[in-house]
Amino acid sequence: IVFPADWRDIENGISARRYIDGSGWQVAVRISEAWAGVMWMGSPAIVGDGSDSFIVVWNQWRRDDNGQFYDTSVWTNRFAPGIGWTIPTRVSAVLSTAWRIAADPHGNAFLTWIDLGPQTRVLASRFSPATGWGEAMPLGPEVPSATEQDPYAFSVDIAPDARGNAIAVWSQPDGIWASRFIRAPAL
């Protein structure tokens, strides 16, 4: 189970508890880190890969000196048996929202989100247990910024198959789009 701290108490961040058969719920562990200017951490989600490894994803928001939000980045942390929780990783740049995460049975995870920069676009990153998170890649065309479009016209989702391929689908003002990731064959 993953849960955010009370939004008024940023020092507690995002915490997780693990359930072990025969032992019950373990003690809650903080899996996020303090980050300069963070005003809120929340919207955590968790995905498992079928081998007792889990990845948690959440948003962190910062405000400027005038109290306006200027950074909504996406962060992740991974739990692996025998290792425990890793160091939190910032996956997205500024002004990211509407993220989705999914995992395949091989321990790979796929993360998609909407980047609300000067041009709004859908980005994706792939996690591999051997190499960590890959570089964020745009999945489709950029469209005018959300200040000129309805920001809620965008939504995104992603699903992997058992072979490690994935399909991302999203809506934007000009229609429904899709992009497919095809896993490279093993050598």
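Along the sequence shown, residues carry numbers from 1.
- Side-chain contact, Asn77 with Thr86: a donor N or O sits under 3.5 Å from an acceptor N or O.
- Note: the hydrophobic cluster containing Trp85 also contains Trp58 (ILVMFWY, side chain heavy atoms under 4.5 Å, direct or indirect links).
- One hydrophobic cluster holds both Trp133 and Trp99 under the rule that ILVMFWY side chains link at heavy-atom gaps under 4.5 Å.
- The distance from the CZ atom of Phe110 to the CG atom of Asp157 is 13.5 Å, given to the nearest 0.5 Å.
- Thr76 approaches Leu111 most closely through the heavy-atom pair CG2-CD2, 4.2 Å.
- Between Ser92 atom OG and Ile114 atom CD1 the span is 12.0 Å, to the nearest 0.5 Å.
- The hydrophobic clustering, which links ILVMFWY residues whose side-chain heavy atoms are closer than 4.5 Å, places Phe127 and Val74 together.
- In this structure, Arg78 CZ and Ile87 CD1 are separated by 14.0 Å, a value rounded to the nearest 0.5 Å.
- No side-chain heavy atom of Asp115 sits under 4.5 Å from any side-chain heavy atom of Thr120.
- Remark: Ile158 CD1 to Leu139 CG distance equals 7.0 Å, nearest 0.5 Å.
- Looking only at side-chain heavy atoms (C-beta outward), Ile101 and Ile55 come within less than 4.5 Å of each other.
- With contacts defined as side-chain heavy-atom distances shorter than 4.5 Å, the pair Val47/Phe54 does not qualify.
- What you find for Ala103 and Gly48 is that their closest heavy atoms are CB-O, 3.7 Å.
- In this structure, Ser171 and Trp177 have side chains that are not in contact, with every pair of non-hydrogen atoms separated by 4.5 Å or more.
- Note that CE of Met137 and CZ of Phe181 are 10.5 Å apart. Values are rounded to the nearest 0.5 Å.
- Across every non-hydrogen atom of Asp161 and Asp104, the tightest pair is O-CB, 3.7 Å.
- Of all heavy-atom pairs spanning Ala80 and Ser53, the tightest one is CA-OG, 3.8 Å.
- Between Asn165 and Arg180, the shortest heavy-atom contact is ND2-NH2, 4.0 Å.
- Counting only distance, with no hydrogens or angles, the side chain of His106 and the backbone of Ser128 share no donor-acceptor pair below 3.5 Å.
- The minimum heavy-atom distance linking Arg17 with Gln26 is given by the pair NE-O, 3.0 Å.
- Trp170 and Ile167 fall into different hydrophobic clusters, where Ile, Leu, Val, Met, Phe, Trp and Tyr residues are linked whenever their side-chain heavy atoms come under 4.5 Å apart, directly or through other members.
- The local environment of CD1 in Ile20 is crowded, with over 12 non-hydrogen atoms from other residues, nucleotides or ligands closer than 6.0 Å.
- Distance OG/Ser15 to CD1/Ile31: 7.5 Å, rounded to 0.5 Å.
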Test Val156 against Val169 for side-chain contact (heavy atoms from CB on, under 4.5 Å), laying out the working first.
CA-CA 6 Å; Val156 63; Val169 60; over 6 Å; no
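- Asn59 and Trp75 are not linked by any side-chain donor-acceptor pair at a separation below 3.5 angstrom, with hydrogens and angles left out of the test.
- Counting only heavy atoms from C-beta outward, the side chains of Val91 and Trp113 approach each other to under 4.5 Å.
- Arg30 has its side chain within reach of Ser32: a pair of non-hydrogen atoms, C-beta onward, lies under 4.5 Å apart.
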